[in-house]
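Notes to accompany the following structure.
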There are 2 protein chains.
Amino acid sequence: MSSSVMRTQAHHIVPGMDIPESRIIQGDCIAEMEKLPAGSVDLVFADPPYNLQLQGTLHRPDHSLVDAVDDEWDQFASFDAYDNFTRAWLLAARRVMKPNASLWVIGSYHNIFRVGAILQDLGFWILNDVVWRKNNPMPNFRGRRFTNAHETMIWAARSAEAKYTFNYEAMKAGNEDLQLRSDWLLPICTGGERLKGKDGRKVHPTQKPEALIARVLMASSKRGDVVLDPFSGSGTTAAVSKRFGRSCVAIERDLEYAAASRDRLAGVETLPDEALAELPAKREAPRVAFSTVIERGLIAPGAVLTDSKRRVEASVRADGTVAFGRAIGSIHKMGALAQEAEACNGWTYWHVETAKGLAPIDSFRAVIREEMAGLSA
Amino acid sequence: MSSSVMRTQAHHIVPGMDIPESRIIQGDCIAEMEKLPAGSVDLVFADPPYNLQLQGTLHRPDHSLVDAVDDEWDQFASFDAYDNFTRAWLLAARRVMKPNASLWVIGSYHNIFRVGAILQDLGFWILNDVVWRKNNPMPNFRGRRFTNAHETMIWAARSAEAKYTFNYEAMKAGNEDLQLRSDWLLPICTGGERLKGKDGRKVHPTQKPEALIARVLMASSKRGDVVLDPFSGSGTTAAVSKRFGRSCVAIERDLEYAAASRDRLAGVETLPDEALAELPAKREAPRVAFSTVIERGLIAPGAVLTDSKRRVEASVRADGTVAFGRAIGSIHKMGALAQEAEACNGWTYWHVETAKGLAPIDSFRAVIREEMAGLSA
DNA sequence: GCGGCGGATGAATCTCACT
DNA sequence: CAGTGAGATTCATCCGCCG
């Protein structure tokens with residue numbers, strides 16, 4: 001028997017033995033949860049309908065149609081109807097949770113505030129809100145808002161008194177403390193991981209990435225724990241639970257989704273002990289906006305920019321743009337204009353006068369990069 | 001008068017003139033907002049009390065202390081009291097907002113879900129939830145949760161129909177020519193920016209960084225706009241508003257905070273005009289008819305138009321229409337027809353051959369726009 | 001085999017002035 | 001106030017094809 005098995009705590013199930021098979025239940029989540037025994041679940045992960053309230057169609061600038069989430073299951077008559085639905089499933093989930101269980105819910109600004117308020121009303125105790133930052137979100141095609149680049153997860157214990165599971169040491173080890181923050185950077189689910197039907201089209205419109213669920217399970221559950229997912233969808237929670245030695249009860253109303261998840265689950269192997277700890281955190285070179293240099297006071301609005309030979313001048317504006325003659329635009333666009341070039345790296349082209357002489361504005365970016373180092377994971 | 005001034009829309013205030021002095025009002029925010037004229041505010045930034053459960057000092061709108069009985073703490077009643085308080089100040093703020101005004105609220109998981117749900121119930125229309133990621137958050141000492149490394153801001157229009165202000169192009173130009181995302185990385189307020197009392201201790205426990213407010217104002221307000229802050233605290237919103245040529249009405253209940261913010265505000269200088277002039281959005285640029293381009297001789301009648309790949313051809317007619325095969329119509333309609341698309345921007349779709357190669361007809365429009373700008377200067 | 005290029009796509013509350 | 005039409009609008013990533 002390996003040493004890692006010896007480290008397993010006494011109340012936990014011995015690896016490879018006695019962990020109940022993960023299963024997909026096809027049916028309405030509230031009715032099915034009511035059939036489960038009270039106090040039988042260690043962790044809940046829920047990805048409920050977001051109630052997006054979309055109207056009309058949206059096209060990309062290249063005229064292609066955005067394949068929106070307009071499914072029947074995401075339609076609610078009113079906020080009130082959505083609230084009633086939310087209260088009902090949260091109450092049903094609460095009943096089957098063990099006293100020390102905790103619950104995760106993921107959502108967007110369309111629904112997450114309602115979910116969070118109702119959670120609190122029902123006596124759940126919020127432990128964190130965790131932000132999933134997408135490094136490849138869909139852009140805002142019409143330029144009317146900020147790119148919706150994140151979703152919010154609420155992590156809550158069944159009550160304020162719950163002795164919930166948080167694998168602090170395990171999470172900290174090997175990850176340089178980075179993943180302990182409440183903001184997580186992860187890509188959306190694409191490529192080979194995305195379930196496709198025989199027609200080659202995505203099976204489910206909102207399949208979550210396995211890495212996201214994996215981090216949730218590794219942080220807030222133990223091996224052999226029973227995980228409940230009331231809105232199983234494409235079965236990601238069940239698949240990740242099985243891979244990481246948890247036992248999942250996944251409920252899904254849609255016949256097609258349920259069938260696809262059973263196929264998916266059958267293809268998943270539980271990982272060997274040694275592999276369970278690693279959760280690679282992707283790093284990237286932090287991008288710095290010129291407006292940040294101004295916001296941080298490193299260059300003042302109104303400051304004069306010049307090229308390295310002091311041949312041309314431009315002036316810095318409060319919003320992070322630059323004025324060159326009558327033209328206004330980014331440091332790059334204005335640098336290109338000043339040189340009558342197609343393109344230009346404004347960071348190295350533009351300089352400011354300092355006590356030590358002319359300095360490229362890139363030197364100020366370096367200051368901010370230094371501070372940002374390590375935060376991108 | 002500079003061309004940038006001419007581009008400023010009529011309802012905007014002439015730079016350097018007529019921007020009402022920013023002011024700090026000492027008093028209860030609901031009572032003071034009720035004294036302000038309805039529909040008089042362009043933007044609201046609100047940083048309401050966060051965590052009432054821990055502080056235990058919840059006041060009703062009438063200043064009475066909410067009864068927090070030690071041995072029989074009623075959690076539900078406390079949420080209810082906070083909700084009533086939230087509804088009251090949001091309603092008062094909504095009354096003083098112009099129809100096209102928008103509102104920002106910042107909070108943490110303790111209160112933001114309740115605020116967001118009530119916002120929606122009152123008819124506000126959420127535009128984004130924006131995450132302020134702190135690069136230097138307070139660590140979680142007990143190791144029982146993820147480090148709370150962010151706060152959440154909700155940006156909402158007064159109604160779904162509001163034509164809110166969003167300086168999309170300026171924001172994009174200041175951000176490496178990329179759309180600004182919903183997650184912002186900024187340091188917390190420390191060092192010289194942090195207001196200190198005579199005893200050297202911080203004046204206010206939750207002073208927000210000026211960079212955060214600056215980005216909010218630059219993204220969602222115009223010069224001369226009236227900004228309202230019902231929970232002014234250390235006066236950051238007022239200070240940043242004044243610096244960036246906005247007029248702030250700041251309300252603060254606490255005498256000491258109000259006094260400190262007045263001192264702070266007196267030391268703030270408004271930035272010079274050239275740093276504040278707005279980047280005109282393309283949608284606000286003067287309209288140019290295609291027939292004008294022909295009349296001015298920039299493109300001759302009978303000239304051949306083609307797309308950027310030279311796949312299709314059309315011909316220019318003297319009246320400003322375009323012939324594509326047997327069809328005749330506007331540059332936009334014929335561009336759509338050529339692509340079999342629903343719609344098309346003919347200015348960027350159609351090109352003509354020039355000595356320097358293929359040029360979009362938009363470049364000829366730019367010539368005329370440039371002349372028009374010069375004429376008004 | 002590899003690199004470049006074109007096409008596809010992801011939980012989306014996504015226009016606005018003028019008649 | 002509803003209808004109409006000009007015209008403005010995308011980032012990261014993956015996959016497949018072609019040279």
Side-chain angles (χ1 to χ4, degrees), chain A residues 47-71 73-76 79 106-112 132 134-152 187-194 196 200-202 204-209 231 233 282 284 287, chain B residues 100 120 124-129 155-157 159-164 166 168-169 172 175-182 281-290 309 329-333 335-336 341-350 361-362 365:
Chain A
D47 183 7
Y50 286 11
N51 188 22
L52 286 188
Q53 307 172 72
L54 304 176
Q55 353 185 340
T57 57
L58 179 66
H59 291 84
R60 297 184 177 81
D62 65 4
H63 303 142
S64 64
L65 183 69
V66 173
D67 184 14
V69 178
D70 51 4
D71 305 70
W73 49 255
D74 200 46
Q75 311 293 325
F76 293 83
F79 281 135
I106 185 167
S108 67
Y109 66 82
H110 309 85
N111 72 323
I112 198 67
W132 168 29
K134 307 176 184 184
N135 52 5
N136 48 352
M138 193 181 343
N140 185 290
F141 296 117
R142 306 305 292 266
R144 296 299 296 140
R145 302 179 178 197
F146 299 98
T147 304
N148 211 340
H150 75 276
E151 293 185 25
T152 300
I188 60 176
C189 182
T190 58
E193 189 185 321
R194 189 93 196 205
K196 302 275 169 48
R201 292 169 41 150
K202 61 191 177 195
H204 193 277
T206 70
Q207 185 179 344
K208 295 293 175 290
F231 307 98
K282 189 174 176 177
E284 61 182 19
R287 199 192 288 271
Chain B
N100 291 332
Q120 293 179 308
F124 286 92
W125 190 246
I126 298 182
L127 300 168
N128 278 113
D129 57 336
W155 180 36
S159 73
E161 296 75 36
K163 308 226 174 298
Y164 57 91
F166 181 50
Y168 172 75
E169 299 198 311
K172 185 175 171 179
N175 184 47
E176 301 286 282
D177 291 321
L178 292 173
Q179 294 184 333
L180 215 48
R181 296 167 44 112
S182 56
K282 278 190 189 143
R283 355 181 106 86
E284 289 172 10
R287 286 206 173 195
V288 175
F290 185 56
K309 302 275 172 61
S330 70
I331 51 172
H332 310 297
K333 283 284 185 335
E342 292 263 321
C344 166
N345 181 345
W347 291 108
T348 52
Y349 178 73
W350 294 112
I361 60 176
D362 201 25
R365 178 171 64 163

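Just so it is clear: chains get the letters A, B, ... in the order the sequence lines come, proteins before strands, and each one is counted from 1.
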*asked:* Without decimals, in angstroms, what is the distance between Ile188(A) CD1 and dC14(D) P?
replied: 10 Å
*Does any N or O in the side chain of Asn100(B) come within less than 3.5 Å of the main-chain N or O of Ala162(B), such that one atom is a donor and the other an acceptor?*
no
*With distance as the sole test, does Trp350(B) use its side chain to make a donor-acceptor pair with the main-chain N or O of Ile331(B) at under 3.5 Å?*
yes
_Could you check whether any side-chain N or O of Ser182(B) sits under 3.5 Å from a backbone N or O of Ala149(A), counting only pairs where one atom can act as donor and the other as acceptor?_
yes
_Among dA8(D), dA11(C), dC14(D), the one nearest Tyr50(A) by side-chain distance_ = dA11(C)
*Rounded distance (Å) that lies between atom P of dA6(D) and atom NE2 of His63(A)*: 14 Å
*Out of dT15(C), dT13(C), dC11(D), which has the shortest distance to the side chain of Arg144(A)?*
dT15(C)
_N-glycosidic conformation, dT13(C) - syn within 90 degrees of 0, else anti_ = syn
_Check this for me, if you would: do Asp67(A) and Arg201(A) make a salt bridge, where the nitrogen-to-carboxylate-oxygen distance has to be below 4.0 angstrom?_
no
_Nearest-Å distance once atom C1' is located in both dT10(D) and dA8(C)_ = 13 Å
*When we call it a touch if two heavy atoms are under 4.0 Å apart, what does Arg181(B) touch: a base, just sugar-phosphate, or nothing?*
nothing
*Between Asp74(A) (side chain) and Leu52(A) (backbone), is there a donor-acceptor pair under 3.5 Å?*
yes
*With a non-hydrogen cut-off below 4.0 angstrom, is Glu169(B) in contact with a base, only sugar-phosphate, or nothing?*
sugar-phosphate
*How far does the P atom of dG7(D) sit from the matching atom of dC14(C), given to the nearest Å?*
23 Å
*Check every strand shown and say whether Pro209(A) touches a base, only sugar-phosphate, or nothing at a heavy-atom separation below 4.0 Å.*
nothing
*Quick one: Arg201(A) CZ to dG7(C) P, roughly how many Å, whole number?*
21 Å
*Nearest-nucleotide 5' precedence on DNA chain C, Asp67(A) against Tyr109(A)*: Asp67(A)
*Whole Å only: how far is the CG atom of Asp129(B) from the P atom of dT13(C)?*
10 Å
*Hey, is the main chain of Asn140(A) close enough, under 3.5 Å, to the side chain of Gln179(B) for a donor-acceptor pair?*
yes
*asked:* Looking at Glu193(A), is its backbone amide N or carbonyl O close enough to the side chain of Gln207(A) to form a donor-acceptor pair, meaning the two atoms are under 3.5 Å apart?
replied: yes
*side-chain N/O Arg287(B) vs dC18(C) OP1/OP2, d < 4.0 Å*: no
*Taking the same atom, P, in dT13(C) and in dG5(D), what whole-Å distance lies between them?*
29 Å
*OP1, OP2 of dT9(D) versus side-chain N and O of Lys282(B): anything below 4.0 Å?*
yes
*Arg142(A) side-chain proximity, nearest of dT10(D), dA8(D), dC16(C)*: dA8(D)
*For Thr147(A) and for Gly192(A), locate the closest nucleotide of DNA chain D by heavy-atom distance; then report the residue assigned to the nucleotide nearer the 5' terminus.*
Thr147(A)
*Of the nucleotides dT9(C), dG10(C), dA8(D), which one has an atom closest to the side chain of Ser64(A)?*
dT9(C)
*With heavy atoms under 4.0 Å as the rule, sort Asn345(B) into base, sugar-phosphate or nothing.*
base
*Mind checking the C1' distance from dA8(D) to dA11(C)? Whole angstroms is fine.*
25 Å
*Looking for any heavy atom pair under 4.0 Å, which part of the strands does Thr190(A) touch: base, sugar-phosphate only, or nothing?*
sugar-phosphate
_For atom NZ of Lys163(B) and atom P of dA17(C), their distance in whole Å_ = 7 Å
*Ignoring the backbone of Arg283(B), work out which of dT13(C), dG7(D), dT15(C) is nearest its side chain.*
dT15(C)
_Between dC1(D) and dC16(C) - C1' atom distance, rounded Å_ = 15 Å
*asked:* As a test of reading the structure: which of dT13(D), dC11(D), dA17(C) is closest to the side chain of Asn135(A), going by heavy atoms?
replied: dT13(D)
*Between atom CZ in Arg60(A) and atom P in dT15(C), what is the gap in whole Å?*
16 Å
*Considering Watson-Crick and G-U wobble pairs with both distances under 3.5 Å, what does dG16(D) pair with?*
dC5(C)
*Which nucleotide in the set dT13(C), dG10(C), dT9(D) lies at the smallest distance from any side-chain heavy atom of Gln120(B)?*
dT13(C)
*asked:* Counting the atoms with a prime plus P, OP1 and OP2 as sugar-phosphate, which does Ala343(B) contact under 4.0 Å by heavy atoms, base, sugar-phosphate, or nothing?
replied: base
*When the distance from CD of Gln55(A) to C1' of dT13(C) is rounded to whole Å, what number comes out?*
7 Å
*Hey, does Trp132(A) reach any base, or is it just sugar-phosphate, or nothing, if we go heavy atoms under 4.0 Å?*
nothing
*Provide the Watson-Crick or G-U wobble partner of dA2(D), both distances under 3.5 Å; none if there is no partner.*
dT19(C)
*asked:* Does dA6(D) have OP1 or OP2 under 4.0 Å away from a side-chain N or O of His332(B)?
replied: no
*Under a 3.5 Å limit for both distances, which nucleotide forms a Watson-Crick or G-U wobble pair with dT9(D), could you say?*
none
*Taking only side-chain nitrogens and oxygens of Tyr168(B), does any of them come within less than 4.0 Å of OP1 or OP2 of dT9(D)?*
no
*Tell me whether the OP1 or OP2 atom of dG7(D) has a side-chain N or O from Lys333(B) closer than 4.0 Å.*
no
*Should Trp347(B) and His332(B) count as side-chain neighbours, where that means a heavy-atom distance under 4.5 Å?*
yes
*Please check the phosphate of dA11(C) (OP1 and OP2 only) for any side-chain N or O of Asn51(A) closer than 4.0 Å.*
no
*Around Lys282(B), counting heavy atoms of other residues, nucleotides and ligands shown, do more than 12 lie under 6.0 Å from its NZ?*
no
*Base, sugar-phosphate, or nothing for Asp177(B), non-hydrogen atoms under 4.0 angstrom?*
sugar-phosphate
_Heavy atoms from C-beta onward define the side chain here; which of dA11(C), dC14(C), dT13(C) lies closest to that of Phe141(A)?_
dC14(C)
*According to a strict under-4.0 Å criterion, is Asn140(A) in side-chain N/O contact with OP1 or OP2 of dC14(C)?*
no
*Just to confirm, is there a sub-4.0 Å distance from OP1 or OP2 of dA11(C) to any side-chain nitrogen or oxygen of Lys208(A)?*
no
*With a 3.5 Å cut-off and just heavy-atom distances, do the side chain of Asp62(A) and the base of dA8(C) make a donor-acceptor pair?*
no
*Check every strand shown and say whether Leu178(B) touches a base, only sugar-phosphate, or nothing at a heavy-atom separation below 4.0 Å.*
sugar-phosphate
*asked:* Using modelled atom types and a 3.5 Å cut-off, is there a donor and acceptor pairing between side-chain atoms of Asp129(B) and backbone atoms of Ser108(A)?
replied: no
*Options dA12(C), dC11(D), dA11(C), nucleotide nearest the side-chain atoms of Ala68(A)*: dA12(C)
*Separation of dA6(D) C1' from Trp347(B) CH2 (nearest whole Å)*: 11 Å
*asked:* Partner lookup for dC14(C), please. Criteria are Watson-Crick or G-U wobble with both distances under 3.5 angstrom; report none if nothing qualifies.
replied: none
